[in-house]
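Notes for the one structure printed next.
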Protein chains: 2
Amino acid sequence: MTFQKRAHKILELLETSGEVEIRQLATKIGVSEVTVRRDLTSMAANGLLYRTHGGAMKISDVIKPVSFANKAEVNLKAKDAICKRAAEDIVEGDVIFIDCGSTAFRLCQFIKDKKIKVITNSLPIVNELQHSAVTINLIGGEVDASRQAVHGTMAHEHIGRYQAAKAFLGVDGITAEGLYAGSEYEASNTLAMAAQTGCTYMLCDASKIGKTSYLKFNDLSIVNILITDYKGPEVNKFESKGISIYSVTV
Amino acid sequence: MTFQKRAHKILELLETSGEVEIRQLATKIGVSEVTVRRDLTSMAANGLLYRTHGGAMKISDVIKPVSFANKAEVNLKAKDAICKRAAEDIVEGDVIFIDCGSTAFRLCQFIKDKKIKVITNSLPIVNELQHSAVTINLIGGEVDASRQAVHGTMAHEHIGRYQAAKAFLGVDGITAEGLYAGSEYEASNTLAMAAQTGCTYMLCDASKIGKTSYLKFNDLSIVNILITDYKGPEVNKFESKGISIYSVTV
DNA sequence: TTAATTATGATTAAATTTGATCGAATTAAA
DNA sequence: TTTAATTCGATCAAATTTAATCATAATTAA
């Protein structure tokens, strides 16, 4: 059994089970554990898999969770409900912007089979939609590793070249007074997308409603539709500012 | 039994079983193992099969899992030697272009600790350099999932905005007549980068030298330096065209 | 026919691959 | 935190495969 055959077999097993153990592989393939270990080391160096103690994992299984491991856990069900509702408004042939951030990321699972074009600056979204029916336009510019997104002047200009029917945006906080962001980068990106869009959707789980953070970057005028699981009275203030509310239940 | 007849038989056997062994072939065809080995070496050089220890495999079986990742396995050591030499020319503060493709990707490991700016259209490179000392500028445009890269008009314009000291490029084939690419996307990307660069480095392992593919996209005038492990006489022709040769040993 | 080129086979040194062993590093448990 | 158990990486030795060299046979060209 040559290295190539073993590599093939290992990848096959990884594809189905997501992770493998060295002892498992050694007996299943019929070589020593040392050899399996060598195979895994070499394959990991080539980016074919992710090495763990005592075995290996699929690359995709390890890259995705890492990028959003912490944030994505919070209010996951609410975010999914919000994104499911958002996806209902996306129809075949649409060109849409999707913001970076953990909420907008959850939209991916609901649009995978739609024949649409997505313009985004989020690397996890690109990863997620890569082998789907969706055509992806990635915004260029400086890569911000901590946010897993692309930002900067070039990104701005890039967005300015495009026009989309809908934009799905996220913020750090929203009150009747305006929109709050966690960083200037995120703020300017959100604004740039909104400026090039016919209809903007703000995706906010209940924790964002009424919350302020250090940077208030705009009033509510750029928001057309707010999708949220929040049921309190504050939503009336948004409606009075001309925002349509899509209320979802978790 | 002529070489052509043997080659035909070997391909036939490969087609049905997916893999062959040298001893097997020697008895089945009725020639010595030395001859079979020679046949396989020659056929592998022409891309008809994939050479393994003690035999050969069908190309498609080797490439199946992930096209990019498996390409990277071919001539890995040569590519690493080439990229190591290339990295020696990269100094702190440099702004460099890096092409997409399996060869240029290997450059990442040697530049992780350098304080430089990398402009690239390759998603694997972004992933690899994400949490390193390198500042990354990602070229925007249409995402080509099969090549794991960004292409198109927007990408072109993006490249045109920048100017870099060095560009590290790859091609599918190179002869004294010119450069050959596997697709128009790759060709136009390579050209665009070369146009914005002071000094272009072409990274070519031996299998690329003298090889042509369906699209000849430019003459050699855009190449300043060729780094390769190829030792044959063809390199003199490149030198006479004004290209500096950096020869590496695997 | 003869000379020159090419293809094949045998031989041998170099390179790969594999498995075993052992100290170091990592993880899990107490 | 300390201890015990795995796992890892490095090094070495054995077996196999490969590449290089040379001699011989077959083919081609003059």
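By convention in this document, chain letters (A, B, ...) are assigned in the order of the sequence lines, proteins followed by strands, and residues within each chain are numbered from 1.
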Could you grab the distance from atom CD1 of A:I125 to atom CD1 of A:I98, nearest 0.5 Å is fine?
-> 5.0 Å

Rounded to the nearest Å, what distance is computed from the [atom1] atom of residue [X] to the [atom2] atom of nucleotide [N]?
X     : N      : atom1 : atom2 : answer
A:E21 : D:dT7  : CD    : P     : 8 Å
A:R23 : C:dG19 : CZ    : C1'   : 17 Å
B:I29 : C:dT8  : CD1   : C1'   : 14 Å
A:I22 : C:dG19 : CD1   : C1'   : 15 Å
A:M1  : C:dT18 : CE    : C1'   : 14 Å
A:E33 : D:dT6  : CD    : C1'   : 11 Å
B:R37 : C:dT11 : CZ    : P     : 14 Å

Salt bridge or not for A:E128 and A:R106, using N-O below 4.0 Å?
->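 The answer is no: the pair does not qualify as a salt bridge.
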
[X] has a side chain; which of [options] sits nearest to it?
X     : options                : result
B:T41 : C:dG9, C:dA20, D:dA19  : D:dA19
B:R51 : D:dT18, C:dT8, D:dG9   : D:dT18
A:S32 : C:dA20, D:dT17, D:dT18 : C:dA20

Residue-phosphate contact under 4.0 Å: B:R6 side-chain N/O, C:dT8 OP1/OP2 | yes

Quick one: is B:T35 getting a side-chain N or O under 4.0 Å of the C:dG9 phosphate, OP1 or OP2?
-> yes

B:D144 side chain to B:S146 side chain, donor-acceptor N/O pair below 3.5 angstrom =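 Side-chain D/A pair, B:D144 to B:S146: present.
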
5'-most contact on DNA chain C (nearest-nucleotide basis), B:H53 vs B:D39, goes to B:D39

What orientation do A:H151 and A:Y185 show, parallel under 30°, tilted 30 to 60°, or perpendicular over 60°?
-> parallel

Where each residue is assigned the nucleotide of DNA chain D containing its nearest heavy atom, which of A:G54 and A:R38 is assigned the position nearer the 5′ end?
->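 Its nucleotide being nearer the 5' end, the pick is A:G54.
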
Let me know which of B:F105, B:F97, B:F110, B:Y201 forms a ring-ring contact (aromatic ring centres under 6.0 Å, His included) with B:F168.
->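 Only one option passes, and that is B:Y201.
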
